[in-house]
There are 2 protein chains.
Amino acid sequence: MDFVIEHLKKHGIKPSVQRVAIMRYLMEHCTHPTVDAIYCDLQSQMPTLSRTTVYNTLSLLEERDALSVLTIDSRNIHYDGDTRPHAHFLCRRCKQIFDVPMPQGSADEMPETPAGFKVEHTHLYYDGLCDRCRVEEN
Amino acid sequence: MDFVIEHLKKHGIKPSVQRVAIMRYLMEHCTHPTVDAIYCDLQSQMPTLSRTTVYNTLSLLEERDALSVLTIDSRNIHYDGDTRPHAHFLCRRCKQIFDVPMPQGSADEMPETPAGFKVEHTHLYYDGLCDRCRVEEN
DNA sequence: TGTAATTTTGTAACGATTTCAAATTTATAA
DNA sequence: TTATAAATTTGAAATCGTTACAAAATTACA
């Protein structure tokens, strides 16, 4: 079975045409797209797609933990179809978001969780200048 | 000299009445306020204060690294006058943001930085349920 | 004291997100 | 099948956080 449909079902989501398209977009792109990027890109294949559907679907996917919501960029929410633990880097110049490995020895080991809280998600964000922008900046 | 004015000068910011009031608010409250919270709370003492001034001032303070911008909550930007390294926890139920210590042995040691980037800031966010909400939830 | 530079202010515009009710599609039962 | 109910999608309008901008007020400087 299609890995996208499988992924949705695993998270208790009925795989409608729109949901599959949106989830597939997220799983096949490592661009950490915004709502608008997803909407505009899918528009060509699905002319009837509504912006509201993209919002609704992303909310549902978030609720069921089928994607990762990146709040690294204060100007826009970004989405990541890769839910495996990894950190992110936002370049303040080109605004691109890069995947970076989690720190410490074992690759995907999360930072130690704080006491007294029931931690459900951990996000590690860096910002600064990416390699290219570091060179290009005057 | 007043520690707020001192803080502003240290970051190359001319201490106007409004800037001092906003920076003082941030340094004396550990509530991680939003723009609106700052504006509404200062309103009573400074009736002529403009929302735009709060936005302008927070932008300036961010630019000069005189505060920390928290993007942990996708619904609202929060600000933190404490720029010492520490992590944050957002409760999904009561929406409160809590300070939590950075993980690892030495208290304020940041997670290792990724190669190939010029890292300027690091943010470690957790979300889930706080102690109180964990008990109260159904 | 006068002039320039900086800062603050309020209104209007903008853009992302939500609300909501109608239309469509899908599931269920006769 | 066909009828009916439930779920999903859609588009328009409303909402809300943020930005743009130009005028007013304040501060710095000669």
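Annotation: salt bridge (charged side-chain N to carboxylate O under 4.0 Å, His left out) contacts of A/Asp99 (sequence neighbours excluded): none. Judged as a salt bridge (charged side-chain N to carboxylate O under 4.0 Å, His left out), and not counting sequence neighbours, the contacts of A/Asp82 are A/Arg84. Residues satisfying the ring-ring contact (aromatic ring centres under 6.0 Å, His included) test with B/Tyr79, not counting sequence neighbours, are none. Take A/Gln43 and apply the side chain to side chain donor-acceptor pair (under 3.5 Å) test, not counting sequence neighbours, and it matches A/Tyr39. Residues that satisfy the side chain to side chain contact (heavy atoms under 4.5 Å, CB included) test with A/Thr31, not counting sequence neighbours, are A/His29, A/Pro33.
Applying the salt bridge (charged side-chain N to carboxylate O under 4.0 Å, His left out) test to every pair with at least one member in residues 2-17 of chain B, sequence neighbours left out, gives these pairs: B/Asp2-B/Arg24. Screening residues 44-61 of chain A for side-chain hydrogen bond (donor to acceptor under 3.5 Å, both in side chains), with sequence neighbours left out, gives A/Asp36-A/Arg51. Among residue pairs with one or both ends in residues 117-131 of chain A, those qualifying as salt bridge (charged side-chain N to carboxylate O under 4.0 Å, His left out) are A/Lys118-A/Glu120, A/Glu120-B/Arg92, A/Asp131-A/Arg134; sequence neighbours excluded.
The stretch residues 8-30 of chain B touches DNA chain C through B/Lys14, B/Ser16, B/Gln18, B/Arg19, each having a heavy atom under 4.0 angstrom from the strand.
Protein chain B contacts DNA chain D from D/dG17 to D/dC21, reading 5' to 3' and using non-hydrogen atoms of the protein with a distance under 4.0 Å.
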Contacts under 3.5 Å, N or O only, protein and nucleotides 13-18 of chain C:
residue, atom, partner, partner atom, Å
C/dT17, OP2, A/Tyr55, OH, 2.8
C/dT17, O5', A/Tyr55, OH, 3.4

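Ring centers of A/Tyr126 and B/Phe117: at least 6.0 Å apart, outside the cut-off.
A/Thr48 comes within contact range of the sugar-phosphate backbone alone, with a heavy-atom separation under 4.0 Å but no base atom that close.
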Per-pair distances, 0.1 Å, donor-acceptor, side chain in residues 64-77 of chain A, under 3.5 Å, sequence neighbours excluded:
residue, atom, partner, partner atom, Å
A/Arg64, NH1, A/Gly12, O, 2.6
A/Asp65, OD1, A/His121, NE2, 2.6
A/Thr71, OG1, B/Thr71, O, 2.6
A/Asp73, OD1, A/Arg75, N, 3.0
A/Asp73, OD1, A/Arg75, NE, 3.4
A/Asp73, OD2, A/His78, NE2, 3.3

